[in-house]
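Step one of this worksheet: look at the structure below.
So that the names make sense, note that chain A is the first sequence line, chain B the second, and so on, each numbered from 1.
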Protein chains: 2
Amino acid sequence: MKVLIVEDDPLHRSYLHEAVNAALPECNTVIEAENGTVGEKLARDHKSAHIVMDLQMASRNGIEAARTIWKERPETRILFWSNYSDEAYVRGVSRIVPDGAAYGYVLKSASDERLRLALRSIFIESQCVIDREVRGLQQKSLGQTNGFTDSEYEILVDIALGLTDRAIAKRRGLSLRSVQNRLQQLYDKLDVYQSAGDDHEDGRFNLRARAVTVAFLRKLLNYSALERAEAELQEWLDGK
Amino acid sequence: MKVLIVEDDPLHRSYLHEAVNAALPECNTVIEAENGTVGEKLARDHKSAHIVMDLQMASRNGIEAARTIWKERPETRILFWSNYSDEAYVRGVSRIVPDGAAYGYVLKSASDERLRLALRSIFIESQCVIDREVRGLQQKSLGQTNGFTDSEYEILVDIALGLTDRAIAKRRGLSLRSVQNRLQQLYDKLDVYQSAGDDHEDGRFNLRARAVTVAFLRKLLNYSALERAEAELQEWLDGK
DNA sequence: CAACAAGCTGCGGGTTTACGCAAGACGGCG
DNA sequence: CGCCGTCTTGCGTAAACCCGCAGCTTGTTG
């Protein structure tokens, strides 16, 4: 068995290397990549079937890399190993995982034992392993209870990108009014409203900007989500 | 000599511990804190004069912690050791460093030797050491060439928080029109404008939202900057 | 001191947002 | 099939936003 490690940080990389060796005696080769771009290339060259991947890397982040890798070989098993469990990451990952693929999401703060188990479960048993903390988010985000619908999330991203209502309408094939309806829903769920709760006309918010900030603070959005969305937007703009 | 290490990540923490021992034979005690809150407390209890601090920690980020520490003992020497050199961080740090204090900003990607030198320069020689990559940003951000004035940055933060023009005017003691003037300047510098460069009325942007996103993508803003700004805003709202 | 650049402010108007009201459209369910 | 909830769309309005024009207050400089 061959394992590919994709991870920015040299310290974490060598830690992972050791962890893989310890957890998987059946593994005879470990390859390392220090960013997403190299990771993709190595995965292709080696036809890697077992990958441990960091999210959040400078050059090309884990989600991007995983997407292209899975596009080429959907049966690849990927363990995401991340510092954070932002809802934006969780949502991003679950949107790209192919049907029936075995994957995992483990936090860097997890114990050695937890990492060991995850490695064996995913790579040997083809099971999915999702950290408890992450799992909670995932359910909240997929189930609609207190979570966001896809359409709400979509419009959140659109205003975050700075599109006007009209532009969103065009992009999503909706009428102006529908876009504004969805915005209303969004404001509602994010609990943003004009006045800061004061008596008379004072601390007012610009709802559209406020919504984006609140989403950021709640980790519904993060840098990498923005980055991806921006790339998609540019693509769409080019394709007119 | 006693050195306090404030750092989230256990791997990085122990790496730092070793690095400090290797670089500073005159150091006889090393204390560790795993987040900003604990860091502040330990700094106070031990009257630490030499601190190595991570920015970006979950519980209380490095800038916050450094600020309160410096407020209590401005002669404390702090070496910031960070993964990133976002302009937001650089700006944040240089805003809190007391006059004449010795501090440093070194990236985690720096070599062992560089870290060693920085440790000795700051803790022994009381010199400031700023990584080259960081230095570049700092000059750009302070000098006005292609950089942002404080007032521009201020208004950027204000719209990022989601305040209306009127609210900003009240908060900053300006007239409505002045606020809008500054916004204009900001849009200009960020190079955001309505049409996406197309011929007729099409891909339009909401300038205010777009500006925030562009700033984010350019690392002028980041999560921690937003977090701080939000806290300040709440403070201001409470103080009416 | 005159001249000039830079920032603050009011006026005015064209556009975009936020949102209530109400009329269809679609899908499930007893 | 009729009832009902959810989603979409149009109309209309008050507020907020973007921004050109022009008069003022400053601080700077020759």
Side-chain angles (χ1 to χ4, degrees), chain A residues 143-145 147-156 158-198 200-215, chain B residues 143-145 147-156 158-198 200-215:
Chain A
Q144 64 280 53
T145 322
F148 291 72
T149 343
D150 283 343
S151 65
E152 282 157 1
Y153 190 73
E154 201 176 61
I155 207 161
L156 170 61
D158 283 339
I159 59 169
L161 286 173
L163 295 173
T164 60
D165 293 3
R166 197 194 312 284
I168 299 174
K170 201 161 293 182
R171 174 136 117 115
R172 305 298 181 188
L174 293 172
S175 76
L176 224 186
R177 192 60 180 88
S178 294
V179 170
Q180 296 175 329
N181 269 341
R182 294 193 176 180
L183 279 176
Q184 226 95 289
Q185 268 177 266
L186 183 68
Y187 297 154
D188 203 40
K189 281 216 183 158
L190 284 174
D191 196 40
V192 298
Y193 40 93
Q194 311 248 53
S195 88
D198 261 345
H200 46 291
E201 57 110 347
D202 201 51
R204 290 176 110 76
F205 283 120
N206 175 315
L207 295 187
R208 151 183 300 251
R210 183 67 184 163
V212 174
T213 306
V214 169
Chain B
Q144 65 280 53
T145 321
F148 291 72
T149 344
D150 284 342
S151 65
E152 283 157 0
Y153 189 73
E154 201 176 61
I155 207 162
L156 169 62
D158 283 340
I159 59 169
L161 286 173
L163 295 173
T164 60
D165 293 2
R166 197 193 311 282
I168 298 174
K170 201 161 294 182
R171 171 131 115 118
R172 306 298 181 186
L174 292 171
S175 75
L176 225 187
R177 191 59 180 89
S178 293
V179 170
Q180 296 175 330
N181 270 342
R182 292 193 176 181
L183 279 176
Q184 227 95 289
Q185 266 177 267
L186 183 68
Y187 297 153
D188 202 41
K189 282 219 184 157
L190 284 174
D191 196 39
V192 298
Y193 40 93
Q194 311 248 53
S195 89
D198 261 344
H200 46 290
E201 58 109 348
D202 201 51
R204 290 176 111 74
F205 283 120
N206 176 316
L207 295 188
R208 142 180 309 246
R210 183 67 184 164
V212 174
T213 305
V214 169

Practice item. Could you encode protein contacts along nucleotides 15-25 of chain C as a string, one character per nucleotide from 5' to 3', using B for base contact, S for sugar-phosphate-only contact and - for no contact, with a heavy-atom cut-off of under 4.0 Å? Key: -SSBBBB----

Review point. Within a strict 4.5 Å, meaning less than it, do heavy atoms of the A/Thr149 and A/Tyr153 side chains meet?
Key: no

Review point. Quick one: are A/Val179 and A/Ile155 in side-chain contact, heavy atoms under 4.5 Å?
Key: yes

**Study point:** Range on DNA chain D touched by chain A - first to last nucleotide, heavy-atom distance under 4.0 Å
**Key:** D/dT8 to D/dC17

Exercise for review: Could you check if a side-chain atom of A/Val214 sits within less than 4.5 angstrom of a side-chain atom of A/Arg210, using non-hydrogen atoms only?
Suggested key: yes

Practice item. Give B/Arg172 one of three labels, base, sugar-phosphate or nothing, depending on what nucleic acid heavy atoms sit under 4.0 Å from its own. Key: nothing

Check your understanding: Can you find a side chain N or O atom of B/Ser175 that sits less than 4.0 Å from OP1 or OP2 on C/dC8?
Key -> no

Check your understanding: With a 4.5 Å heavy-atom cut-off, do A/Phe205 and B/Leu161 have their side chains touching?
Key -> no

**Study point:** side-chain hydrogen bond (donor to acceptor under 3.5 Å, both in side chains) partners of A/Ser175, counting only residues at least two apart
**Key:** A/Ser178

Review point. Of A/Arg177, A/Gln185, A/Gln184, which is the lone residue that meets side chain to side chain donor-acceptor pair (under 3.5 Å) with A/Asn181?
Key: A/Arg177

Revision key, fill the gap. side-chain hydrogen bond (donor to acceptor under 3.5 Å, both in side chains) filter on A/Arg182, not counting sequence neighbours, yields none

Review point. A/Leu186 versus A/Ile159: any side-chain heavy-atom pair under 4.5 Å?
Key: yes

Exercise for review: Report the C-alpha separation of B/Asp188 and B/Tyr193 in whole Å, then their side-chain angles, then the decisive distance to 0.1 Å, and conclude whether the side chain to side chain contact (heavy atoms under 4.5 Å, CB included) test is met.
Suggested key: CA-CA 8 Å; B/Asp188 202 41; B/Tyr193 40 93; over 6 Å; no

Exercise for review: List for me each residue that meets salt bridge (charged side-chain N to carboxylate O under 4.0 Å, His left out) alongside A/Asp158, sequence neighbours excluded, and say none if there are none.
Suggested key: A/Arg171, A/Arg172

Study note, to complete from the structure: As a check of understanding: the bend across the helix from C/dC1-D/dG30 to C/dG30-D/dC1, end axes from five pairs, rounded to 10 degrees, works out to 20°

